[in-house]
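What follows is a short report on a single structure.
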Amino acid sequence: MNEYAVSVFCSYSHKDEELKNKLLNHLATLKRQKLIDEWNDRAIVPGKDWQKEIDDKIRTADLVLLLVSSDFIASNYCYENELSIALERHDSNLSVVLPIILRPCDWHETSFAKIQGLPTDGLPITKWNNEDDACLNVIEGIKKTITEIKKFKNRVGEGAGLLSMRDVLSREIDRIDTVFEKADSGNCSGLSTGISDLDYIIDGLHPAELIVLASRPTMGKTALSLNIAANIAIHEKEAVAYFSMNTPVEHTTRRLMSLVGRIDSKDLLRGNLQDDDWPRLVSVIALLNEAPLFIDESILSSVDELRLKLVKFKQKHNLKAVIIDSLQDLAYREKSLNIELSYSEYAHKLKHLAMEVQLPIILTVSLPRSVEKRPNKRPHLNDLSEFENLTNCADIIGFIYRGEVYEDYDFTDNANAEIIIAKNNNGHTGTIKLMYQKKYSTFSDQIKS
């Protein structure tokens with residue numbers, strides 16, 4: 001892997017010169033290893049336009065260190081100019097802002113207070129028993145940030161270069177070591193969907209995968225995607241982002257309460273709860289309140305805006321999975337803003353996005369009416385022909401079929417739904433029999449007789 005120095009801009013008040021120098025001395029090893037290229041305004045050569053120099057450096061920095069003190073906050077130039085530019089770039093994921101609290105001050109209500117800073121727990125450097133210990137704590141945090149910056153830049157192709165087989169094999173061996181222990185315990189190597197038969201056939205959800213869940217309306221695409229989201233957030237205790245572009249967040253939340261708490265969704269809507277519903281309602285509220293599940297109902301302007309949200313969210317919440325409900329709604333929103341993309345372009349963009357952010361992306365898709373004109377209405381890959389390259393770009397394609405919708409009752413009481421895995425780049429294809437409970441919108445493994 002190509003190595004390059006992460007450019008670091010140091011924003012500080014000159015009244016903190018001594019503390020700034022002490023901190024930079026601790027960065028000396030990173031500089032010698034050429035892991036960072038640090039710059040501050042003391043590097044300005046006489047005769048240069050100092051304001052232009054500062055502006056150019058901060059606008060090209062990978063990492064901006066804010067050396068925070070009361071003097072930094074009181075400085076109009078630091079706060080209004082340097083900080084403003086830094087936060088603008090941070091919000092656009094063009095650079096990372098890292099506040100470092102030098103001296104005690106009222107920083108909790110500032111515009112950068114939402115960003116996780118250093119030292120640990122925000123204890124100012126000057127309040128530590130030993131300032132060198134505090135600086136070392138800061139350096140360890142900076143090292144972690146630098147590692148994440150380099151990983152991200154390599155993923156988007158900025159200096160990734162060609163990888164030798166030695167590098168690739170090393171990564172694969174590390175991966176095998178990691179999944180070996182999970183396999184030994186009987187678990188799938190990826191992130192569990194909560195449905196054991198589905199996990200068995202696709203081996204869970206893996207980073208960089210584009211997973212398509214497709215069906216005709218009323219089959220349960222949204223329900224299945226919410227089942228998976230709830231399992232990841234509640235049982236796996238991992239963060240998941242759910243983009244609900246055709247459903248208000250209140251409706252999505254009510255469906256989650258119904259499926260997690262096994263409370264009839266109609267009763268929740270009408271407030272018609274029975275005595276035995278209340279304990280389950282209290283329990284589900286407690287579970288969802290602690291679950292790292294994030295719902296976005298906003299109208300996205302483009303896939304590129306979705307990308308910016310995911311990159312920022314992954315950094316902040318250690319995101320592990322993404323669900324987009326649905327492709328047609330994403331396309332509709334963009335067309336309403338005069339952004340014309342073919343489904344082929346969407347397929348490529350979303351697959352590239354999954355690879356860039358290194359997250360599994362689950363995408364729901366509604367199939368055309370032509371499916372219902374056949375005697376056997378189970379979907380197959382040809383039903384995605386109007387979506388052009390989606391079948392090529394997707395790693396996994398699953399079709400949902402519930403016979404009762406078409407009065408096809410060739411099912412047992414224990415299995416009234418199917419997920420047809422028609423494409424799986426990492427393993428087998430086949431049909432999974434499931435139980436679907438309409439009043440809770442829940443999918444679960446069939447009951448073995």
Side-chain angles (χ1 to χ4, degrees), residues 178-207 209 211 213 220-244 249 252-265 268 277 279-296 310 313-314 316-325 358-364 396 398 400 414-415 417 419 421 426-427 432-448:
T178 300
V179 300
F180 174 75
E181 293 184 9
K182 292 188 73 174
D184 194 45
S185 64
N187 297 322
C188 59
S189 67
L191 196 60
S192 174
T193 64
I195 300 172
S196 59
D197 288 341
L198 180 59
D199 286 340
Y200 178 78
I201 199 168
I202 68 173
D203 195 34
L205 309 174
H206 296 84
E209 286 183 339
I211 302 106
L213 295 178
K221 295 183 300 297
T222 298
L224 181 57
S225 67
L226 281 174
N227 275 241
I228 294 171
N231 184 75
I232 293 171
I234 295 173
H235 299 292
E236 297 291 303
K237 295 181 171 54
E238 300 286 5
V240 55
Y242 189 92
F243 290 90
S244 173
V249 67
T252 302
T253 303
R254 188 162 59 247
R255 293 189 69 167
L256 281 165
M257 293 170 70
S258 174
L259 72 90
V260 175
R262 296 298 194 269
I263 305 171
D264 194 315
S265 57
L268 277 174
D277 288 330
R280 290 199 296 274
L281 180 61
V282 172
S283 177
V284 73
I285 289 173
L287 281 172
L288 290 175
N289 189 53
E290 297 299 321
L293 173 56
F294 303 89
I295 302 172
D296 189 324
L310 290 182
F313 221 73
K314 184 180 180 183
K316 185 175 181 181
H317 296 287
N318 194 25
L319 196 61
K320 293 298 183 182
V322 180
I323 297 173
I324 302 172
D325 186 31
Q358 282 294 289
L359 294 170
I361 294 180
I362 296 175
L363 176 69
T364 67
I396 297 170
I400 304 169
N414 292 336
I419 299 179
I421 303 299
N426 298 319
I432 300 160
K433 303 286 188 178
L434 298 175
M435 272 292 298
Y436 178 74
Q437 292 180 281
K438 187 174 181 180
K439 63 181 178 179
Y440 307 137
S441 297
T442 57
F443 285 89
S444 57
D445 293 297
Q446 65 173 317
I447 302 170
K448 309 296 183 183

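Computed from a predicted structure; not experimentally measured. Residue indices begin at 1 and follow the sequence shown. Values reported hereafter were calculated over all heavy atoms of this structure, with side chains retained and with hydrogens, waters and symmetry mates removed.
- Evaluation of the side-chain contact (heavy atoms from CB on, under 4.5 Å) rule for Gln437 yields Arg262, Tyr440, Thr442 as partners, not counting sequence neighbours.
- The aromatic rings of His317 and Phe294 are tilted relative to each other, their planes meeting at an angle between 30° and 60°.
- The closest donor-acceptor contact from the side chain of Asn318 to the backbone of Ala239 lies at 3.5 Å or more, if one exists at all.
- Across all non-hydrogen atoms, the minimal contact from Ala241 to Leu319 is N-CD1, 3.5 Å.
- Considering every non-hydrogen atom in both Ile419 and Gly398, the closest pair reads CG2-CA, 4.5 Å.
- For the residue pair Thr364 / Ser225, no side-chain donor-acceptor distance below 3.5 Å is found, with atom types taken as modelled.
- Between the side chain of Asp199 and the backbone N or O of Cys188 there is no donor-acceptor pair closer than 3.5 Å.
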side-chain contact (heavy atoms from CB on, under 4.5 Å) between Tyr436 and Ser444: does it pass, once the steps are laid out?
-> CA-CA 7 Å; Tyr436 178 74; Ser444 57; over 6 Å; no
Are Ser189 and His206 close enough, and set up right, to give a side-chain contact (heavy atoms from CB on, under 4.5 Å), and what steps lead you there?
-> CA-CA 8 Å; Ser189 67; His206 296 84; 3.0 Å; yes
Leu268 vs Leu281, side-chain contact (heavy atoms from CB on, under 4.5 Å): CA-CA, chis, key distance, verdict | CA-CA 9 Å; Leu268 277 174; Leu281 180 61; 4.1 Å; yes
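- The main-chain N or O of Ser196 is found under 3.5 Å from a side-chain atom of Asp445 such that the two form a donor-acceptor pair.
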Give the C-alpha distance, both sets of side-chain angles, the deciding distance and a yes or no for side-chain contact (heavy atoms from CB on, under 4.5 Å) between Ile195 and Leu224.
-> CA-CA 10 Å; Ile195 300 172; Leu224 181 57; 3.7 Å; yes
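- Heavy-atom minimum distance, Ser441 versus Ala223: O-CB, 3.5 Å.
- A pairwise comparison of heavy atoms in Ala233 and Leu293 identifies CB-CB, 3.8 Å as the closest pair.
- The two atoms that bring Leu256 and Val284 nearest to each other are O-CG2, 4.5 Å, heavy atoms only.
- Closest approach of Asn231 to Ser192, counting heavy atoms only: ND2-O, 3.1 Å.
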